Amino acid sequence: MVSTFDIKKIFELRSERVKSIDLHPTAPWVLLGLHSGNVCIWNHQSQVTEKMFEIANSRVRSARFVARKEWIVIGADDGFIRVYNYNTMENIIEFKAHSDFIRSLIVHPSQSYLLSASDDKHIKLWDWEKGWECTKTFEGHEHYVMQLAFNPRDANVFASASLDFLGPWIFGSTFFNQRPY
């Protein structure tokens, strides 16, 4: 049996080139990472821009909400990760994370972890409870790492996508730093 449902567009925003999008889990906000190096928080109910952050002179390819900390985390082409409080717009921290473009950021659903993927072919695990220490580097890709995603059923597993392979990685196992297949 095929289910049918109506899809209704709830808003439309004309903008410069959008490189990243994220939705806040409780507020009616859309986080946009823009080609210009800016980040915008758009309210899809009121259809107004709530906040605009001028981040970098390079493209923002990934931006994510960390709602439990009231942060946004941003990865840009300059290799920096930047963290802002989305209520006060205070810059919490910024640091050089990669030697090339940051393509993807994902936030662990329950731990104090951020994963970053880059054109430098590395995936890095950052722990904000340890002062944003890089606690692990996952190596094995031979091309740019384009995207990351956590397994929704097991947050100890994440996947990476690159031009060379798509594969799962496992925290806390013997499969660190290698493909688990």
Side-chain angles (χ1 to χ4, degrees), residues 18-34 39-42 44 55 59-77 79-86 92-181:
V18 175
K19 295 289 186 182
S20 175
I21 188 167
D22 195 24
L23 298 172
H24 194 280
T26 57
W29 292 345
V30 179
L31 178 63
L32 303 171
L34 304 174
V39 171
C40 169
I41 297 176
W42 175 259
H44 65 79
I55 302 299
R59 295 172 188 92
V60 171
R61 294 190 188 265
S62 190
R64 297 285 173 249
F65 283 111
V66 185
R68 65 187 180 264
K69 300 295 282 184
E70 298 183 346
W71 291 343
I72 55 173
V73 292
I74 298 123
D77 281 3
F80 277 79
I81 291 175
R82 294 171 175 88
V83 182
Y84 288 84
N85 179 299
Y86 58 65
I92 305 300
I93 192 169
E94 62 182 65
F95 57 93
K96 184 74 169 177
H98 289 274
S99 62
D100 209 334
F101 298 170
I102 296 174
R103 296 277 182 172
S104 183
L105 297 173
I106 56 172
V107 180
H108 193 280
S110 60
Q111 300 295 320
S112 58
Y113 301 152
L114 176 76
L115 279 170
S116 60
S118 172
D119 282 6
D120 67 10
K121 306 171 191 167
H122 294 113
I123 301 165
K124 294 185 178 182
L125 176 66
W126 306 93
D127 188 339
W128 64 73
E129 294 295 330
K130 294 182 178 180
W132 290 95
E133 177 185 345
C134 178
T135 60
K136 193 69 179 172
T137 300
F138 298 88
E139 298 174 324
H141 282 289
E142 296 177 9
H143 293 282
Y144 308 148
V145 186
M146 303 298 287
Q147 196 64 254
L148 299 169
F150 276 110
N151 179 335
R153 293 186 182 156
D154 181 357
N156 290 317
V157 177
F158 70 93
S160 61
S162 179
L163 299 176
D164 57 349
F165 73 88
L166 168 73
W169 301 80
I170 302 170
F171 290 139
S173 77
T174 59
F175 296 116
F176 276 131
N177 294 328
Q178 58 185 327
R179 294 180 235 179
Y181 52 87

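Predicted model only: the values in this text are computed from it and were never measured. Along the sequence shown, residues carry numbers from 1.
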Completion exercise
residues 100-123 vs salt bridge (Lys or Arg N to Asp or Glu O under 4.0 Å), sequence neighbours excluded, gives Arg103-Asp119
Practice task
With sequence neighbours left out, write down each residue that passes side-chain contact (heavy atoms from CB on, under 4.5 Å) with Ile93, or none if nothing qualifies.
Solution key: Val83, Phe95, Trp132
Can you measure from [atom1] ([X]) to [atom2] ([Y]) and round to the nearest 0.5 angstrom?
X: Leu34; Y: Arg59; atom1: CG; atom2: CZ; value: 12.5 Å
X: Leu125; Y: Cys134; atom1: CG; atom2: SG; value: 7.0 Å
X: Tyr113; Y: Glu129; atom1: OH; atom2: CD; value: 10.0 Å

Side chain proximity check, [X] to [Y], heavy atoms < 4.5 angstrom:
X: Leu32; Y: Ser20; result: no
X: Phe65; Y: Val107; result: no
X: Leu31; Y: Ile72; result: yes
X: Ile92; Y: Trp71; result: yes
X: Lys124; Y: His98; result: yes
X: Thr137; Y: Ile123; result: no
X: Leu148; Y: Leu115; result: yes
X: Leu114; Y: Ile106; result: no

Exercise for the section: Please indicate whether Tyr84 has more than 12 foreign heavy atoms, meaning atoms of other residues, nucleotides or ligands, lying under 6.0 Å from its OH. Expected result: yes
Is the side chain of [X] donor-acceptor paired with the backbone N or O of [Y] at a distance under 3.5 Å, no angle test?
X: Ser104; Y: Met146; value: no
X: Ser162; Y: Tyr144; value: yes
X: Ser62; Y: Leu105; value: yes
X: Ser118; Y: Phe101; value: yes

Exercise for the section: State yes or no: are the ring centers of His122 and Phe138 separated by less than 6.0 Å? Expected result: no
Exercise for the section: Please find out if less than 6.0 Å separates the ring center of Tyr86 from that of Trp29. Expected result: yes
Exercise for the section: Check the side chains of Thr135 and Trp126 for a donor-acceptor pair under 3.5 angstrom, ignoring hydrogens and angles. Expected result: no
Exercise for the section: Ignoring hydrogens and angles, state whether a donor on the side chain of Asp164 or His141 is under 3.5 Å from an acceptor on the partner side chain. Expected result: yes
Practice task
Output, in order, the C-alpha distance, side-chain angles, deciding distance and verdict of side chain to side chain donor-acceptor pair (under 3.5 Å) for Ser112 and Asp127.
Solution key: CA-CA 5 Å; Ser112 58; Asp127 188 339; 2.6 Å; yes
Problem - Step-by-step ring pair (Phe, Tyr, Trp, His ring centres under 6.0 Å) determination, His108 to Phe158 - result: CA-CA 10 Å; His108 193 280; Phe158 70 93; 9.9 Å; no
